[in-house]
There are 2 protein chains.
Amino acid sequence: MLSKASQYAIKSLLFISANQQVGVRFSVKDVAIAIDSPPAFTSKILQQLVAAKIITSVKGSGGGFEISTSKIVSTKVISIIKAIEGDHFSSGCFLGLPDCSEKNPCPVHKLYAPLREKLNQGLYNVTLDDLINNKGKQPFNLKG
Amino acid sequence: MLSKASQYAIKSLLFISANQQVGVRFSVKDVAIAIDSPPAFTSKILQQLVAAKIITSVKGSGGGFEISTSKIVSTKVISIIKAIEGDHFSSGCFLGLPDCSEKNPCPVHKLYAPLREKLNQGLYNVTLDDLINNKGKQPFNLKG
DNA sequence: AGTTAATTGGACAAAATTGTCCGATTTGAT
DNA sequence: ATCAAATCGGACAATTTTGTCCAATTAACT
């Protein structure tokens, strides 16, 4: 499964994106309360998202984090995960074999590979905007 | 993803099952070499599999681990994972939300839930025998 | 200028996972 | 009887992940 760090990253971005308005910024505290996460740890993750240029930050009083509309539209879920975990996500074999492939499959390859592939495609094709606007369907939750 | 411990467990069982013959036993060392894993850690995992009654062990000189034909046929991959990790596997939400469901979905639920469901079904329906006999298709590897 | 509210960066701490070591026990063989 | 080969159990160590704390910096406001 996804690391806690990536989960917090996605949730943070969903919260910030879903509530973004011009001139509005969110503090670490705002985010941590909204997504029910440990503030200091969340702070580190927001810093990583700034470093990855997904969000911007403003220091000082009245400062906080914000995201541009264009980033909401363009940021893919896979990019968020890779910003946190590096490039070594999800391409992995279920059994952890380093060169498992169609030609050289591990025993569960046939079962797992197609699902992994679908998930990768999903994470690649879905953006923050897709998630928060949810195609007009159900509302979603970010807490328990 | 799967824990290392579960990966070693599955690989160990695949090795033992694929090479099982009457009167043949495998030592920790045999298994660790075959699946390229740390011997002492592998030993602990084999102990867990004995406790879960998937394999049996014989102490002393000439001893080792073996698996019965009936266990090869009846042991589902999901049971192996649960023997190692406990019951809290795979039912989880992608974002880690404790009560994510159809009625109360997290933002990625629609994307992830069907895939998770398919994986669960796969792990539930596939046995050691299925994997090692591979429906006559390609051979498989357990090392790198 | 001073105060306050905020991010940033660094070091540190806790917890979980992964991995090691060794003595005790058991069994087979000489 | 002794020795060698094996599992078992417990304590321990290393690594990774998760989480905390605090001083430094920045910016707005009075």
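Each chain gets a letter, A, B and so on, in the order its sequence line appears, and its residues count up from 1. The model shown is predicted, which means the values in this text are computed figures rather than measured ones. Hydrogens, waters and symmetry mates are skipped; everything else that's a heavy atom, side chains included, is used.
- B:Ser43 comes within 4.0 angstrom of nothing in the nucleic acid, heavy atoms only.
- OP1 and OP2 of D:dT18 both lie 4.0 Å or more from every side-chain N or O belonging to A:Tyr8.
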Enumerate all atom pairs, one protein N or O and one N or O from nucleotides 25-30 of chain D, separated by less than 3.5 Å.
unit_1: D:dT26; atom_1: O2; unit_2: A:Gly60; atom_2: N; d: 3.1
unit_1: D:dA27; atom_1: N3; unit_2: A:Ser61; atom_2: N; d: 3.4

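- The shortest distance between the side-chain N/O atoms of B:Gln47 and the OP1/OP2 oxygens of D:dG9 is below 4.0 Å.
- Between the B:Ser79 side chain and the B:Thr75 main chain, no donor and acceptor come within less than 3.5 Å of each other.
- The 12-atom threshold is not exceeded at NZ of B:Lys118, counting heavy atoms of other residues, nucleotides or ligands nearer than 6.0 Å.
- Of the candidates D:dC8, C:dT7, C:dT18, C:dT18 carries the atom nearest the B:Lys4 side chain, counting heavy atoms from C-beta on.
- Among the nucleotides C:dT20, D:dG19, C:dA6, the one closest to the side chain of A:Ser27 is C:dA6.
- Annotation for A:Lys11 and A:Ile35: closest pair O-CG2, 3.6 Å, computed over non-hydrogen atoms.
- Residues B:Val28 and B:Phe65 are in side-chain contact: their nearest non-hydrogen atoms beyond the backbone lie under 4.5 Å apart.
- Atom P of nucleotide D:dG19 and atom CG of A:Asp36 are separated by 11 Å, given to the nearest angstrom.
- Residue contacts shown for A:Lys44 include a base, since a base heavy atom lies under 4.0 Å away.
- Between A:Ala40 and B:Phe65, the residue anchored nearer the 5' end of DNA chain D, judged by the nucleotide with its closest heavy atom, is B:Phe65.
- Between A:Ile84 atom CD1 and D:dT16 atom C1' the separation is 16 Å, expressed in whole Å.
- Look at CD1 on B:Ile45: it is 15 Å from C1' on D:dT7, rounded to the nearest Å.
- Straight-line distance from the CD atom of B:Gln48 to the C1' atom of C:dG19: 13 Å, rounded to whole Å.
- Among all heavy-atom pairs drawn from A:Ala113 and A:Glu102, the shortest one is CB-OE2, 4.4 Å.
- Rounded to whole angstrom, the span from the CG atom of A:Leu46 across to the P atom of C:dA6 amounts to 14 Å.
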Show your reasoning for whether side chain to side chain donor-acceptor pair (under 3.5 Å) applies to A:Ser27 and A:Asp30.
CA-CA 5 Å; A:Ser27 68; A:Asp30 292 336; 3.3 Å; yes

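- Put simply, CD1 on B:Ile35 is 13 Å from P on C:dT18, counting in whole angstrom units.
- Close to D:dC8, at under 4.0 Å from its OP1 or OP2, lies a side-chain N or O of B:Ser57.
- Judged by distance alone, with hydrogens and angles left aside, the side-chain atoms of B:Gln7 form a donor-acceptor pair with the main-chain N or O of A:Phe94 at under 3.5 Å.
- Distance, A:Phe26 CZ to C:dT7 P: 12 Å, rounded to whole Å.
- The CZ-P distance, from A:Phe41 to D:dT20, rounds to 9 Å in whole Å.
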